Amino acid sequence: MGSRKAVAAVAGIGVVALLGVGAYVGFGDGDDSGGRRSVGASGGPYKLVAPKAVLGKYEQVDGITSAAMEDPAGFGVRGAKTVQAVYGSGRGAKALSAGLIQFTGAYGTVAAPGKTVDALFADLAAKARKPGKGGEKSTMVGRPEDFSADGVVVKCQETRTEGRSAAAPEERQVLRAPVCAWADRSTAAVVMPMDSRATKAGRAPSLDEAAATTARLRAEVRVAVK
(Lines give C-alpha, C1' and ligand atoms only; values in the text may rest on other atoms or scores of the structure.)
Protein backbone atom coordinates (compact mmCIF):
# COMPACT_ATOMS: atom_id res chain seq x y z
CA MET A 1 0.00 0.00 0.00
CA GLY A 2 1.38 3.43 -0.91
CA SER A 3 1.30 6.59 1.15
CA ARG A 4 -1.60 8.03 -0.83
CA LYS A 5 -3.78 5.00 -0.09
CA ALA A 6 -2.75 5.25 3.54
CA VAL A 7 -4.00 8.81 3.80
CA ALA A 8 -7.20 7.92 1.96
CA ALA A 9 -7.89 5.20 4.53
CA VAL A 10 -7.63 7.73 7.31
CA ALA A 11 -9.62 10.51 5.72
CA GLY A 12 -12.37 8.48 4.11
CA ILE A 13 -11.59 10.22 0.80
CA GLY A 14 -9.64 8.95 -2.18
CA VAL A 15 -7.12 11.74 -1.64
CA VAL A 16 -4.56 11.78 -4.41
CA ALA A 17 -3.80 15.32 -5.45
CA LEU A 18 -1.82 16.62 -2.50
CA LEU A 19 -1.26 14.26 0.39
CA GLY A 20 1.33 12.01 -1.24
CA VAL A 21 3.75 14.87 -0.79
CA GLY A 22 6.84 12.81 -1.38
CA ALA A 23 6.01 12.72 -5.07
CA TYR A 24 6.00 16.50 -5.32
CA VAL A 25 9.17 17.64 -3.62
CA GLY A 26 11.49 19.97 -5.52
CA PHE A 27 14.41 22.06 -4.33
CA GLY A 28 15.95 25.36 -5.46
CA ASP A 29 18.80 27.70 -4.56
CA GLY A 30 18.73 30.85 -2.45
CA ASP A 31 19.39 32.52 0.86
CA ASP A 32 18.44 31.50 4.37
CA SER A 33 15.57 33.28 6.07
CA GLY A 34 14.84 33.89 9.73
CA GLY A 35 11.67 33.44 11.71
CA ARG A 36 10.03 33.09 15.07
CA ARG A 37 10.39 29.52 16.32
CA SER A 38 13.67 28.07 17.51
CA VAL A 39 14.31 24.65 16.02
CA GLY A 40 18.03 24.34 16.68
CA ALA A 41 21.21 25.39 14.89
CA SER A 42 21.87 23.97 11.43
CA GLY A 43 25.47 22.85 11.98
CA GLY A 44 26.65 19.87 10.01
CA PRO A 45 27.29 17.73 8.26
CA TYR A 46 24.20 15.69 9.11
CA LYS A 47 22.22 12.87 7.60
CA LEU A 48 18.61 11.79 7.91
CA VAL A 49 17.44 8.46 9.27
CA ALA A 50 14.04 6.81 9.66
CA PRO A 51 13.87 5.27 13.14
CA LYS A 52 11.29 2.58 13.86
CA ALA A 53 9.66 4.90 16.41
CA VAL A 54 9.62 8.68 16.90
CA LEU A 55 8.23 11.22 19.36
CA GLY A 56 7.44 8.60 21.97
CA LYS A 57 4.19 7.36 20.45
CA TYR A 58 4.56 7.05 16.67
CA GLU A 59 5.79 3.85 14.99
CA GLN A 60 6.55 3.08 11.37
CA VAL A 61 3.55 1.50 9.67
CA ASP A 62 4.40 -1.83 8.05
CA GLY A 63 3.81 -1.95 4.32
CA ILE A 64 3.28 1.80 3.95
CA THR A 65 5.86 4.36 3.01
CA SER A 66 6.10 7.87 1.68
CA ALA A 67 7.25 8.33 -1.91
CA ALA A 68 10.92 9.18 -2.23
CA MET A 69 11.92 12.73 -3.06
CA GLU A 70 12.19 13.14 -6.83
CA ASP A 71 15.62 14.18 -8.13
CA PRO A 72 16.74 16.25 -5.13
CA ALA A 73 20.17 16.77 -6.71
CA GLY A 74 18.49 18.61 -9.57
CA PHE A 75 16.97 21.03 -7.09
CA GLY A 76 20.02 21.96 -5.04
CA VAL A 77 20.73 19.08 -2.64
CA ARG A 78 24.14 17.97 -3.86
CA GLY A 79 25.27 14.41 -3.25
CA ALA A 80 21.74 13.67 -2.12
CA LYS A 81 20.36 10.54 -0.54
CA THR A 82 16.69 10.20 0.31
CA VAL A 83 14.85 8.95 3.38
CA GLN A 84 11.12 8.53 3.85
CA ALA A 85 8.64 6.94 6.26
CA VAL A 86 5.04 6.99 7.45
CA TYR A 87 4.43 6.84 11.20
CA GLY A 88 1.16 6.06 12.96
CA SER A 89 0.19 6.51 16.58
CA GLY A 90 -2.21 3.55 16.67
CA ARG A 91 -1.60 -0.19 16.47
CA GLY A 92 -2.22 -2.90 13.91
CA ALA A 93 -5.13 -2.26 11.54
CA LYS A 94 -5.80 1.00 13.38
CA ALA A 95 -2.24 2.31 13.08
CA LEU A 96 -3.39 5.46 11.29
CA SER A 97 -6.73 5.95 13.03
CA ALA A 98 -5.54 8.51 15.60
CA GLY A 99 -2.58 10.29 14.05
CA LEU A 100 0.09 9.98 11.41
CA ILE A 101 3.28 11.69 10.35
CA GLN A 102 4.36 11.48 6.73
CA PHE A 103 8.06 12.25 6.36
CA THR A 104 10.03 12.60 3.11
CA GLY A 105 13.54 13.99 3.15
CA ALA A 106 16.94 14.23 1.51
CA TYR A 107 20.41 14.93 2.82
CA GLY A 108 23.66 16.03 1.28
CA THR A 109 24.76 19.64 0.80
CA VAL A 110 22.07 22.32 0.64
CA ALA A 111 23.47 25.51 -0.84
CA ALA A 112 20.63 27.85 0.12
CA PRO A 113 17.96 26.59 2.55
CA GLY A 114 15.66 29.62 2.22
CA LYS A 115 14.97 29.22 -1.48
CA THR A 116 14.94 25.46 -1.09
CA VAL A 117 11.84 25.70 1.10
CA ASP A 118 10.25 28.40 -1.09
CA ALA A 119 10.74 26.29 -4.21
CA LEU A 120 9.34 23.29 -2.42
CA PHE A 121 6.11 25.08 -1.54
CA ALA A 122 5.83 26.55 -5.04
CA ASP A 123 6.08 23.04 -6.44
CA LEU A 124 3.48 21.76 -3.98
CA ALA A 125 1.10 24.51 -5.05
CA ALA A 126 1.63 23.74 -8.73
CA LYS A 127 0.97 20.05 -8.22
CA ALA A 128 -2.08 20.76 -6.05
CA ARG A 129 -3.72 22.58 -8.95
CA LYS A 130 -3.85 19.33 -10.92
CA PRO A 131 -6.99 17.24 -10.23
CA GLY A 132 -6.46 13.86 -8.61
CA LYS A 133 -7.21 10.60 -10.38
CA GLY A 134 -10.45 10.33 -8.45
CA GLY A 135 -11.47 13.91 -9.22
CA GLU A 136 -10.09 15.33 -5.98
CA LYS A 137 -9.37 19.04 -5.95
CA SER A 138 -6.63 20.42 -3.72
CA THR A 139 -5.48 23.89 -2.78
CA MET A 140 -2.76 25.39 -0.66
CA VAL A 141 -4.56 27.82 1.65
CA GLY A 142 -3.05 31.26 2.13
CA ARG A 143 0.73 31.51 2.19
CA PRO A 144 3.35 29.45 4.03
CA GLU A 145 3.88 30.73 7.56
CA ASP A 146 7.46 31.15 8.73
CA PHE A 147 8.65 29.29 11.84
CA SER A 148 12.38 29.60 11.09
CA ALA A 149 15.23 30.36 13.49
CA ASP A 150 18.86 29.58 14.23
CA GLY A 151 19.81 28.96 10.62
CA VAL A 152 17.01 26.47 9.99
CA VAL A 153 14.25 27.44 7.57
CA VAL A 154 10.87 26.01 8.61
CA LYS A 155 7.54 26.91 7.01
CA CYS A 156 4.05 25.43 7.27
CA GLN A 157 0.86 25.87 5.28
CA GLU A 158 -2.68 24.53 5.37
CA THR A 159 -3.79 22.20 2.59
CA ARG A 160 -7.40 21.59 1.64
CA THR A 161 -8.59 18.66 -0.45
CA GLU A 162 -12.16 18.09 -1.56
CA GLY A 163 -13.32 14.69 -2.80
CA ARG A 164 -15.87 11.93 -2.57
CA SER A 165 -16.18 9.95 0.64
CA ALA A 166 -15.66 6.21 0.22
CA ALA A 167 -18.43 5.57 2.74
CA ALA A 168 -20.87 7.94 1.01
CA PRO A 169 -19.86 8.46 -2.64
CA GLU A 170 -22.73 10.86 -3.26
CA GLU A 171 -21.33 13.27 -0.69
CA ARG A 172 -18.27 15.47 -0.94
CA GLN A 173 -15.90 15.77 1.98
CA VAL A 174 -13.30 18.45 2.71
CA LEU A 175 -10.02 17.37 4.25
CA ARG A 176 -7.82 20.03 5.87
CA ALA A 177 -4.28 19.22 6.92
CA PRO A 178 -0.96 20.96 7.57
CA VAL A 179 2.19 20.47 5.56
CA CYS A 180 5.59 21.72 6.74
CA ALA A 181 9.03 21.86 5.21
CA TRP A 182 12.46 22.49 6.62
CA ALA A 183 15.90 23.00 5.14
CA ASP A 184 19.32 23.57 6.62
CA ARG A 185 22.80 23.21 5.16
CA SER A 186 22.71 19.40 5.22
CA THR A 187 19.08 18.29 5.19
CA ALA A 188 15.69 19.13 3.74
CA ALA A 189 12.33 17.50 4.26
CA VAL A 190 8.56 17.69 3.88
CA VAL A 191 6.50 16.67 6.90
CA MET A 192 2.75 16.18 7.10
CA PRO A 193 1.67 15.68 10.73
CA MET A 194 -2.02 14.85 10.94
CA ASP A 195 -4.52 14.40 13.73
CA SER A 196 -6.60 11.86 11.83
CA ARG A 197 -9.83 12.49 13.73
CA ALA A 198 -9.60 16.27 13.30
CA THR A 199 -8.68 15.88 9.64
CA LYS A 200 -11.57 13.54 8.93
CA ALA A 201 -13.93 15.98 10.67
CA GLY A 202 -12.70 18.81 8.43
CA ARG A 203 -11.35 20.91 11.28
CA ALA A 204 -8.67 23.49 10.54
CA PRO A 205 -5.15 22.39 11.44
CA SER A 206 -2.94 24.29 13.87
CA LEU A 207 0.18 25.38 12.02
CA ASP A 208 1.88 26.20 15.33
CA GLU A 209 1.38 22.62 16.48
CA ALA A 210 2.46 21.26 13.10
CA ALA A 211 5.65 23.34 13.24
CA ALA A 212 6.37 22.14 16.77
CA THR A 213 5.90 18.52 15.70
CA THR A 214 8.15 19.09 12.70
CA ALA A 215 10.85 20.57 14.95
CA ARG A 216 10.69 17.59 17.31
CA LEU A 217 10.78 15.14 14.41
CA ARG A 218 13.78 16.90 12.87
CA ALA A 219 15.63 16.56 16.16
CA GLU A 220 15.10 12.79 16.09
CA VAL A 221 15.68 11.97 12.41
CA ARG A 222 18.66 14.29 11.81
CA VAL A 223 21.90 12.84 13.13
CA ALA A 224 25.52 13.91 12.86
CA VAL A 225 27.72 12.19 10.31
CA LYS A 226 30.62 10.54 12.14
Side-chain angles (χ1 to χ4, degrees), residues 3-4 7 11 13 15-40 42 66-67 69-70 72 75-77 100-106 110-132 136-163 173-185 187-195 198-199 201-218:
S3 60
R4 294 178 176 181
V7 174
I13 301 177
V15 178
V16 176
L18 182 63
L19 298 185
V21 293
Y24 305 152
V25 174
F27 290 92
D29 298 320
D31 300 327
D32 292 338
S33 64
R36 53 180 172 158
R37 183 183 301 277
S38 175
V39 291
S42 58
S66 227
M69 200 173 283
E70 290 185 351
F75 291 92
V77 185
L100 70 89
I101 297 175
Q102 187 169 339
F103 158 59
T104 302
V110 181
K115 286 190 177 178
T116 290
V117 169
D118 289 343
L120 191 154
F121 274 104
D123 193 50
L124 283 169
K127 293 301 195 311
R129 288 192 288 269
K130 299 179 180 179
E136 301 85 3
K137 297 180 180 179
S138 296
T139 56
M140 304 289 286
V141 180
R143 299 177 61 85
E145 292 192 20
D146 193 350
F147 296 88
S148 310
D150 299 333
V152 185
V153 181
V154 182
K155 295 184 180 181
C156 299
Q157 189 171 4
E158 179 184 338
T159 71
R160 186 176 298 168
T161 301
E162 182 179 351
Q173 185 174 349
V174 176
L175 182 155
R176 303 170 71 179
V179 60
C180 298
W182 89 67
D184 54 49
R185 292 295 182 180
T187 70
V190 171
V191 179
M192 180 169 278
M194 295 171 61
D195 178 331
T199 300
R203 295 198 294 271
S206 166
L207 297 187
D208 286 275
E209 292 179 4
T213 298
T214 296
R216 295 197 305 270
L217 180 71
R218 176 179 174 271

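Just so we're clear, the structure is a prediction, and the values are computed from it rather than from any experiment.
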Asker: Would you check if the side chain of R185 reaches a backbone N or O of A111 as a donor-acceptor pair within less than 3.5 Å?
Answerer: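 A pair under 3.5 Å: yes.
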Asker: What heavy-atom pair brings D208 and F147 nearest, and what distance separates the two atoms?
Answerer: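 What the structure gives for the nearest pair is OD1-CE2, 3.6 Å.
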Asker: For T104 and V190, indicate whether the former's side chain and the latter's backbone hold a donor-acceptor pair under 3.5 Å.
Answerer: no
Asker: Less than 4.5 Å apart, side chain to side chain, heavy atoms only: is that true for D118 and K155?
Answerer: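 Heavy-atom side-chain distance check passes, below 4.5 Å.
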Asker: Heavy atoms only: give me the nearest A181-L120 pair and the separation to one decimal.
Answerer: CB-CD2, 3.8 Å
Asker: At their closest point, which heavy atom of T116 faces which heavy atom of A188, and how far apart are they?
Answerer: CG2-CB, 4.2 Å
Asker: Restricting to side chain to side chain contact (heavy atoms under 4.5 Å, CB included), what partner residues turn up for P205, sequence neighbours left out?
Answerer: E158, R176, P178
Asker: Show your reasoning for whether side-chain contact (heavy atoms from CB on, under 4.5 Å) applies to R218 and V154.
Answerer: CA-CA 10 Å; R218 176 179 174 271; V154 182; 5.6 Å; no
Asker: Supply the atom-to-atom distance L175 CG to R203 CZ, rounded to the nearest 0.5 angstrom.
Answerer: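 Reported value, rounded in 0.5 Å steps: 12.0 Å.
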Asker: Just to verify, which of D146, L207, V191, T213 counts as forming a side-chain contact (heavy atoms from CB on, under 4.5 Å) with C156?
Answerer: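 Only one of D146, L207, V191, T213 forms a side-chain contact (heavy atoms from CB on, under 4.5 Å) with C156, namely L207.
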Asker: Identify, with sequence neighbours excluded, every residue that meets side chain to side chain contact (heavy atoms under 4.5 Å, CB included) alongside D195.
Answerer: R197, A198
Asker: Would you please name every residue forming a side-chain hydrogen bond (donor to acceptor under 3.5 Å, both in side chains) with T214, sequence neighbours left out?
Answerer: none
Asker: Just how far is it from atom CD of Q157 to atom CG of L124, taken to the nearest 0.5 Å?
Answerer: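 With rounding to 0.5 Å, CD (Q157) is 8.0 Å from CG (L124).
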Asker: What heavy-atom pair brings A183 and P113 nearest, and what distance separates the two atoms?
Answerer: O-CB, 3.4 Å
